[in-house]
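These figures come from a predicted structure and were not determined experimentally.
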Amino acid sequence: MGADPRFHPGPGALPLAAIAAAAGAETPADGARLFTGVAPLGSAGAGEVAFCEGRRHRAALAATGAGCVLVSAAEAAHVPASALALIVRSPWHGFAAVARLFHPVPAPRPGVHPSAVVAPDAEIGEGCEIGPLAVIGAGASIGAGSSIGAGCVIGPACVLGAGCVVHPHVSVSHALIGARVVLHPGARIGQEGFGFAPGPDGRFVTMPQLGRVILGDEVEVGANACVDRGAGQDTVIGTGTRIDNLVQVAHNVTIGAGSVIVALAGISGSASLGARVTVAGQAGVAGHHTVGDGARIGAQAGVMNDVPAGADVVGSPAWPARETFRAVAALRRLAQKRAEGAGGEG
Amino acid sequence: MGADPRFHPGPGALPLAAIAAAAGAETPADGARLFTGVAPLGSAGAGEVAFCEGRRHRAALAATGAGCVLVSAAEAAHVPASALALIVRSPWHGFAAVARLFHPVPAPRPGVHPSAVVAPDAEIGEGCEIGPLAVIGAGASIGAGSSIGAGCVIGPACVLGAGCVVHPHVSVSHALIGARVVLHPGARIGQEGFGFAPGPDGRFVTMPQLGRVILGDEVEVGANACVDRGAGQDTVIGTGTRIDNLVQVAHNVTIGAGSVIVALAGISGSASLGARVTVAGQAGVAGHHTVGDGARIGAQAGVMNDVPAGADVVGSPAWPARETFRAVAALRRLAQKRAEGAGGEG
Amino acid sequence: MGADPRFHPGPGALPLAAIAAAAGAETPADGARLFTGVAPLGSAGAGEVAFCEGRRHRAALAATGAGCVLVSAAEAAHVPASALALIVRSPWHGFAAVARLFHPVPAPRPGVHPSAVVAPDAEIGEGCEIGPLAVIGAGASIGAGSSIGAGCVIGPACVLGAGCVVHPHVSVSHALIGARVVLHPGARIGQEGFGFAPGPDGRFVTMPQLGRVILGDEVEVGANACVDRGAGQDTVIGTGTRIDNLVQVAHNVTIGAGSVIVALAGISGSASLGARVTVAGQAGVAGHHTVGDGARIGAQAGVMNDVPAGADVVGSPAWPARETFRAVAALRRLAQKRAEGAGGEG
C-alpha cells in the first residue's frame with residue numbers, strides 16, 4: 001500500500017524509465033511500464049516500487065508483492081520473479097529519489113494570506129507563501145521561495161534565506177537564518193538564554209542576552225526544539241546540521257556542519273561541538289565542554305568532560321564506549337555472584 | 001477549600017443523594033443534604049466531599065474537616081464523627097465521579113469564531129466549537145461535538161472523530177484521529193520524521209516521510225509532546241493510550257491500547273510497544289525494539305534490547321529490575337568498602 | 001564586536017561616568033569619554049566595555065582589545081595599558097548593569113493590536129501591549145505595563161500581575177500569576193495534569209484536575225516548558241524561581257523561592273522542592289518526594305527518595321555525590337582490572 005494521496009499528493013503514475021533514471025539504475029527494457037507509487041517492501045503491490053536495504057531483509061524481499069524493487073547487485077538474485085529488479089549502488093538513496101519523484105516537496109503557493117500580519121517594511125521575497133495568521137515583524141526579510149506556515153511569528157529584523165520551509169507555530173527572534181533551512185512545528189529560535197546569578201539581596205539578576213542565533217544553510221530544527229540566542233557571542237549551528245524534536249540548544253553553543261542531535265538531547269551553554277558529531281537521544285553535554293569532529297555521544301550519555309574527535313562515548317558520566325560496556329559487564333557479574341551467594345567481591 | 005469557581009465552574013450545590021449515586025454508594029438517610037463541592041482531605045470544609053485513598057491516609061482522615069468522605073469499608077470506622085461516610089469499593093473512582101458531577105467537562109459552545117480561518121471545503125461536524133484564530137485546512141474533517149482551541153492549525157485532509165478536545169496551539173497534519181481524543185496545548189501531531197542519510201557528497205539526503213499518524217479513540221497526547229508521522233508505514237497509537245507532556249514518539253512507532261508514556265520519555269523510530277505498557281518519565285526506547293504487552297519501563301531507563309511481555313526493567317542500559325537493584329546495591333557496598341580502606345575488590 | 005543593533009537597540013554611545021555609576025565603580029577622571037556598547041573580552045573593540053570574570057581569564061584579559069574592562073581589584077594589575085580598568089566588587093554584576101544600560105529591556109508599546117481577540121470583559125491594565133493575534137479570554141486580567149506576545153492564548157479568568165512579559169505562542173489557563181513574571185515562547189501554563197486510573201472495564205478514568213497554577217513574582221518559565229495545574233491542591237512556584245526550556249512540572253508540585261530548574265528536567269506529580277534548590281539538566285524527581293532547601297540535584301540524576309536540605313546528589317538512582325563518585329571510580333577500576341586479566345573481583 002502506497003502513500004495516502006490525501007496527504008501525499010503527486011503526479012500519479014510514472015513510467016519505469018523515469019523511475020530508473022531517478023534511482024540511478026540502467027534503463028530497463030520495458031521503460032514505458034507505469035508504476036503508481038512507492039511502498040515498503042512488506043506492503044507494496046504489483047503497481048508499486050519498493051526497496052531492499054540489504055541481506056537482513058532477504059526474507060521480506062522474497063515475499064514482497066512489489067512490482068519493482070531497488071536492490072544492490074548482491075541481492076539481485078533474491079528478487080522474486082514477480083518483481084522487476086532495478087540494480088543500484090545504494091537502494092536507500094535510490095528509493096529516496098524515486099519517492100521524491102512520486103511525491104515532490106510541495107511548492108510554496110506564492111502570496112500572503114489576508115489574515116497574516118506583515119509589517120509594512122518587512123521584505124518578502126519573490127514566490128514566498130506566507131500562511132494564515134502568520135506574523136512577520138518590522139524589518140524582517142524572508143528569502144525568495146520560502147514558505148512561512150500558519151501561525152508563525154518571525155520577529156523584527158530576522159533574516160531568512162531563500163527556499164526556507166517554516167512549519168506552523170514556529171517562533172523566530174534575534175536570528176540570521178541561511179537558505180533552505182527547515183523549521184518544524186513549534187520550534188523556538190532566538191529566545192533569551194538562561195543566564196543569571198544571585199544579586200546582593202539574593203534575587204536573581206539577569207545577564208542581558210545580547211547575541212543572536214545563526215543557522216547555516218540547510219539546517220533543520222525539529223518540532224518543539226529550542227535554540228536560545230547567545231549571551232554575548234552568537235549561538236551558531238553549521239550547514240546541514242539536523243536537530244530532532246524537543247532538543248535544547250543553549251546560549252553560545254556552537255555546532256559544526258553536518259552534525260545530528262537526536263530527540264530530547266540537551267546541549268548546555270557555551271558547549272562547542274564539531275562537524276559530523278552525533279548526539280543520540282536524551283544525551284546531554286555539560287556547559288563549556290568541547291566535542292571533537294565526528295565524535296559519537298550515545299543515547300542518554302552525560303558528557304561532563306571534553307570528548308576528542310572521533311571518540312565514541314556512552315554512559316552518565318560518559319566514558320569511552322568500550323570501557324563502559326566492560327564496566328557494565330563487570331557490574332552485572334558482580335551482582336550475579338552476590339545473588340548466587342559467592343559474595344566474591346570482598 | 002474546593003475548586004476555584006473562576007476556573008472550574010459547575011452546577012453549584014448538589015444533594016447527597018446525587019453524590020452517593022455518582023460515587024456508587026448506597027443512598028444515605030439524609031439524601032437532601034446539600035454539598036457545595038469536592039476538596040482534598042486535608043483542606044475540605046464541612047460543606048465539601050473528600051476521599052480517603054487507604055490506610056496510609058488514616059491520620060489525615062481522622063483530622064479532616066470534610067462534611068462527607070468517600071472511604072472503603074475497611075476505613076469506614078476511622079471517619080471522624082463530623083463527617084458522613086460514604087462507603088464505596090474504590091474511593092478514588094468514586095471521587096472522580098463526584099468531582100465530575102460538580103465540575104463537568106465544559107461542553108463545546110457550537111460555532112466557528114469569526115477570526116478562525118476555515119477552508120471552504122473543510123467539514124465541520126454538528127455542534128463543534130472552532131476557537132478564535134484556529135486554522136482548518138482544505139478537506140479536513142472535524143467530527144461532531146469536537147472543540148478546536150484557539151490558535152490550532154489542523155492541516156489539509158486531516159480527520160478527527162467525534163467529541164475530540166483539541167487545546168490551544170496544537171498542530172496536526174497527515175493524521176487520522178479517532179473519537180474523543182484529547183490533544184493538550186502545543187502538541188505536535190504528524191510532522192515529518194527524522195529520516196535521512198549522507199549522500200555521496202556528504203550532505204544529508206531526506207527520505208520522504210510518506211506515512212501518517214493514526215490515533216485510536218480516546219488517545220490523549222500531552223502538552224508540547226510530539227508524534228511524528230510514519231516514513232512508509234504509519235505511526236499508530238492504540239485506543240486509550242495516554243501520552244504525557246514533552247514526550248517524543250518518532251516515525252513508524254506503534255503503541256498498543258491502554259499504554260502510558262510519561263513526561264520526557266522518547267520512543268525511537270520503528271519501535272513497537274504492546275498494550276498496557278508503561279514507560280516512566282525520561283525513559284527511552286531505542287529504535288526498532290519491541291516491548292511486550294504489560295511491560296513496565298522504569299524512569300530514566302534506556303531500553304536497548306527487546307523487552308518481553310510483563311517484564312519490569314530499569315537502568316540505562318535497561319535490565320530486569322531485580323538484577324539492577326542487586327547491581328546497584330553491590331556497587332554501593334563496593335564503594336563503601338573502598339572508602340573504609342578494605343580495598344576488598346582486588 | 002558588540003551587540004547587533006538590529007536586534008538589540010539602545011541609546012547609543014554613553015559616557016564613562018554613567019557606565020562607572022551603573023557598574024558601581026568609582027567615577028574615573030575621564031568621565032566624559034564615550035563608549036558605544038558592551039562585548040565579550042575576546043571580541044571587544046576600543047570603543048567597547050568588557051569584563052573579566054576572574055584569574056582563569058587572565059590570558060584573555062591581557063589580549064583584549066576592549067577600551068574599558070570591569071575587573072576585581074585582584075585582577076586590576078593585569079588589565080593591558082590599552083584599556084581603562086573599572087574596579088568593581090563583582091565584574092559579572094557590574095557588566096550586567098552596564099549591558100542593561102546600553103540595551104534596556106524593550107518597554108511595552110501600549111495598545112491592543114487590532115488583530116488580537118480580547119474578551120469584552122477582560123481587564124487590560126494601563127500601559128499594556130497586547131500583540132497581534134493574541135487571545136485574551138473572558139474575565140482575564142492583565143496587570144499594568146505587561147506585554148502579551150503575538151499569538152498568545154490567555155485563558156478565561158486568568159490573572160497576571162503588573163510588568164509581566166509573555167513571549168509569543170504562550171498558553172495560560174487556570175492560573176494566577178504574580179508581577180514581573182516572564183514566560184518564554186511556547187511555555188504551557190495551567191493545562192490538565194496527567195491523572196487517571198484504569199476503570200472497572202480497563203479503560204482509563206480521568207481524575208478531574210480541579211486545581212490551579214500559582215506563579216510567584218518574578219518567576220520565569222522557559223521556552224516550551226510545561227507547568228500543569230494541580231489536581232486538587234494547586235501547583236505552586238515560589239518567587240523568583242527560574243525554569244529553563246523544555247522542563248516538565250507536573251500537577252501539585254510545589255517549588256520554593258529562588259530555585260533553578262535546568263532544561264529537560266522533570267518534576268513529577270506532588271513532589272515538593274524547597275527554596276534555592278538547583279535541579280540540573282535532564283534530572284528527574286519522582287512523584288511525592290521532598291527536596292530540602294538549597295539541595296543540588298546533578299545533571300541526569302534520578303531522585304527516587306527524599307533529599308535533605310543542602311544535600312548534593314547525583315546519579316540515577318540519585319545518591320550523595322561523594323558516594324556516587326566513589327562508586328563510579330570503583331567500577332572503573334574493577335572494569336580495568338578485568339581488562340588486564342586480573343579478574344580480581346572474585
Side-chain angles (χ1 to χ4, degrees), chain B residues 2-4 6-8 38-40 42-43 90 92-93 95-97 99-100 102-103 105 113 115 131-133 149-151 167-169 182 184-186 218 220 222-224 240 242 244-246 258 260 262-264 276 281-282 299-300 315-316 328 331-332 334-339 345-346, chain C residues 115 117 133 135 139 151 153 155-158 169 171 173-174 186 188 191-192 194 196-200 202-208 210-212 224-226 228-229 232-233 246 248 250 264 266 268 282 284 286 300 302 304 316-317 319 323-324 326-327 329-331 333-334 337 342 344-345:
Chain B
D4 186 331
R6 292 174 291 180
F7 298 120
H8 302 286
V38 294
S43 62
S90 164
W92 191 97
H93 289 89
F95 186 78
R100 197 50 93 205
F102 277 105
H103 304 285
V105 176
H113 195 277
S115 65
L133 305 168
H167 288 281
H169 289 131
V182 179
H184 292 283
E218 299 177 14
E220 304 208 2
N224 284 347
R242 299 222 177 179
D244 199 359
N245 299 347
L246 294 166
V260 175
V262 183
L264 292 161
R276 299 176 312 285
Q282 295 177 323
Q300 299 187 327
S316 177
V328 166
L331 182 58
R332 206 191 268 261
L334 184 63
Q336 207 165 0
K337 283 221 167 104
R338 293 195 64 84
E345 95 278 31
Chain C
S115 64
V117 178
L133 304 169
V135 176
V153 177
C158 289
H169 289 131
S171 60
S173 73
H174 307 85
R188 309 283 162 215
Q191 57 283 340
E192 188 177 306
F194 202 57
F196 53 88
R203 290 162 67 195
F204 291 128
V205 173
T206 296
M207 176 61 76
L210 299 176
R212 304 168 297 189
N224 284 347
C226 298
D228 289 349
R229 71 173 179 266
Q233 57 180 106
L246 295 167
Q248 157 70 355
L264 292 163
S268 304
Q282 295 178 324
Q300 299 187 328
M304 301 177 189
S316 177
W319 302 352
E323 283 179 45
T324 301
R326 204 183 283 141
L331 183 58
R333 258 179 249 114
L334 185 63
K337 283 221 164 104
E345 93 280 31

Is there a side-chain contact (heavy atoms from CB on, under 4.5 Å) between H184(B) and E192(C) once you walk through the steps? CA-CA 8 Å; H184(B) 292 283; E192(C) 188 177 306; 3.7 Å; yes
For R100(B) and T206(C), run side-chain contact (heavy atoms from CB on, under 4.5 Å): C-alpha distance rounded to whole Å, both residues' side-chain angles, the deciding distance at 0.1 Å, then the answer. CA-CA 9 Å; R100(B) 197 50 93 205; T206(C) 296; 4.0 Å; yes
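- Contacts of S115(B) with chain C are made by side-chain atoms alone, with heavy-atom separations under 4.5 Å and no backbone atom involved.
- Closest approach of V117(C) to P132(B), counting heavy atoms only: CG1-CB, 4.1 Å.
- A donor-acceptor pair under 3.5 Å is formed between the side chain of Q282(B) and the backbone N or O of L264(C).
- If you measure heavy-atom distances from R203(C) to chain B, the contacts under 4.5 Å come from the side chain alone.
- Here the closest non-hydrogen pair linking L331(B) and A327(C) is CD1-O, 3.6 Å.
- In plain terms, the two heavy atoms of A3(B) and L210(C) that are nearest each other are CB-O, 3.6 Å.
- The CD atom of E218(B) sits 11.0 Å away from atom CZ of F204(C), with the distance rounded to the nearest 0.5 Å.
- Of the two parts of V105(B), neither the backbone nor the side chain holds a non-hydrogen atom closer than 4.5 Å to a non-hydrogen atom of chain C.
- Residue contact with chain C, scored on non-hydrogen atoms closer than 4.5 Å, is absent for H167(B).
- Across all their heavy atoms, V135(C) and L133(B) have their closest contact at CG2-CD1, 3.5 Å.
- Remark: of the listed residues N245(B), N224(B), L246(B), L246(B) is the sole one forming a side-chain contact (heavy atoms from CB on, under 4.5 Å) with L246(C).
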Before you tell me yes or no, could you show the steps for R188(C) and H169(B) under side-chain hydrogen bond (donor to acceptor under 3.5 Å, both in side chains), namely the whole-Å CA-CA distance, both residues' side-chain angles and the distance that decides it to 0.1 Å? CA-CA 10 Å; R188(C) 309 283 162 215; H169(B) 289 131; 2.9 Å; yes
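- Contact record, H8(B) with G211(C): NE2-O, 2.8 Å, taken as the closest heavy-atom pair.
- Only the side chain of P40(B) has a heavy atom closer than 4.5 Å to any heavy atom of chain C.
- Contact detail for W92(B) and V205(C): the closest heavy-atom pair is CH2-O, 3.3 Å.
- Each of G151(B), A299(B), G186(B) has some count of heavy-atom pairs under 4.5 Å with chain C, and the biggest count is that of G186(B).
- No other option in G240(B), G2(B), A335(B) has as many heavy-atom pairs under 4.5 Å with chain C as A335(B).
- A heavy-atom distance below 4.5 Å is not found between the side chains of F7(B) and P156(C).
- Within the cation-pi definition used here (under 6.0 Å to the ring centroid, within 45° of the axis), R242(B) qualifies as a partner of F196(C).
- V182(B) does not touch chain C: none of its heavy atoms, backbone or side chain, sits under 4.5 Å away.
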